[in-house]
Amino acid sequence: MRRRDREPIPRRTKNQLYRSQGGRCAYCGGSHRIDYLEIDHKHPVSRDGGDEIENLQLLCTLCNMRKGIQTDQEFRRRYQRLLPQDGRIPSPPIPQADFNEETQYTRAPREVRRIYHRRFEAARQRQRSNSGCGILVAIVALIPIALALLVVT
């Protein structure tokens, strides 16, 4: 289901997650105001995850962007040297620089790379199919100018 077709997650759900996580990002453990934390699906909606509270967690923007369409399990496996594998929120917080460094040495799971590759190829195909239309539109737009030049000369 596309994001536009879904009901927004209620604010009370975010408040409940904020209280249960102690105002901390589930991955880096950093403390943040509620407005800075983003609701994340442990199993992404794009991979058939739902909006049940058990599938939701709060992440800071940087951790949420880093996770992308990985599942919680895939993300924890990828960053296993940094994150507690039992799902606990790290204490003390893990610096983002540690995540950045670890990202250079680890890869997203194969399934996630396949999904990104398919999306990239679909975008490339759309671009190729639209590029011909773009040229045609440009030519059609230039016809009146060319005709005007012929009439003037």
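Among all heavy-atom pairs drawn from Arg77 and Gln85, the shortest one is N-OE1, 4.3 Å. In terms of heavy-atom proximity, Leu59 sits nearest to Ala26 at CD2-CB, 3.8 Å. Nearest heavy-atom pair across Glu111 and Arg118 is OE2-NH2, 4.0 Å. Between Cys28 and Cys63 the shortest heavy-atom distance is CB-SG, 3.7 Å.
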Under the salt bridge (Lys or Arg N to Asp or Glu O under 4.0 Å) rule, what do Arg47 and Glu74 come out as? Steps first, then yes or no, please.
CA-CA 13 Å; Arg47 296 175 70 189; Glu74 290 167 340; 2.7 Å; yes
Please test Thr61 against Met65 for side chain to side chain contact (heavy atoms under 4.5 Å, CB included), starting from the C-alpha separation and ending with a verdict.
CA-CA 6 Å; Thr61 302; Met65 288 180 3; 3.9 Å; yes
In sequence, state the C-alpha distance, the side-chain angles, and the governing distance for Cys25 and Ile89, and then conclude on side chain to side chain contact (heavy atoms under 4.5 Å, CB included).
CA-CA 7 Å; Cys25 170; Ile89 296 174; over 6 Å; no
Give the C-alpha distance, both sets of side-chain angles, the deciding distance and a yes or no for side chain to side chain contact (heavy atoms under 4.5 Å, CB included) between Gln96 and Phe99.
CA-CA 5 Å; Gln96 288 297 325; Phe99 278 106; 4.2 Å; yes
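Summarising the local packing, CZ of Arg81 is surrounded by 12 or fewer heavy atoms from other residues, nucleotides or ligands at distances under 6.0 Å. Applying the 6.0 Å contact sphere to CD of Gln73 captures no more than 12 heavy atoms from other residues, nucleotides or ligands.
Taking a cutoff of 4.0 Å between a charged side-chain nitrogen and a carboxylate oxygen, Asp51 and Lys14 do not qualify as a salt bridge. Arg124 and Glu121 are joined by a salt bridge, as a carboxylate oxygen and a charged side-chain nitrogen come within less than 4.0 angstrom of each other.
The structure places CD of Gln80 at 8.5 Å from CD of Glu102, a figure rounded to the nearest 0.5 Å. To the nearest 0.5 Å, atom CG of residue Leu58 and atom CD1 of residue Ile34 are 7.0 Å apart. The distance from the NE2 atom of His43 to the CD atom of Gln70 is 12.5 Å, given to the nearest 0.5 Å. Taking SG of Cys60 as the reference point, atom CZ of Arg66 lies at 8.0 Å (rounded to 0.5 Å). Rounding to the nearest 0.5 Å places CG of Leu17 at 6.0 Å from CD1 of Ile39.
Judged by distance alone, with hydrogens and angles left aside, the side-chain atoms of Arg78 form a donor-acceptor pair with the main-chain N or O of Thr106 at under 3.5 Å. Although no hydrogens or angles enter the test, the distance criterion places a donor-acceptor pair under 3.5 Å between the side chain of Asn55 and the main chain of Gly50.
Applying the salt bridge (Lys or Arg N to Asp or Glu O under 4.0 Å) test to pairs two or more places apart or on separate chains, none has a residue in residues 17-34.
Between the side chains of Asp72 and His41, no donor N or O sits under 3.5 Å from an acceptor N or O.
Ring-plane geometry between Phe75 and Tyr27 is classed as parallel, the angle between the planes falling under 30 degrees on a 0 to 90 degree scale with a further cut at 60.
Note: the hydrophobic cluster containing Val45 does not contain Ile69 (ILVMFWY, side chain heavy atoms under 4.5 Å, direct or indirect links).
Scored by the ring-ring contact (aromatic ring centres under 6.0 Å, His included) test, His32 finds Tyr36 as partners (sequence neighbours excluded).
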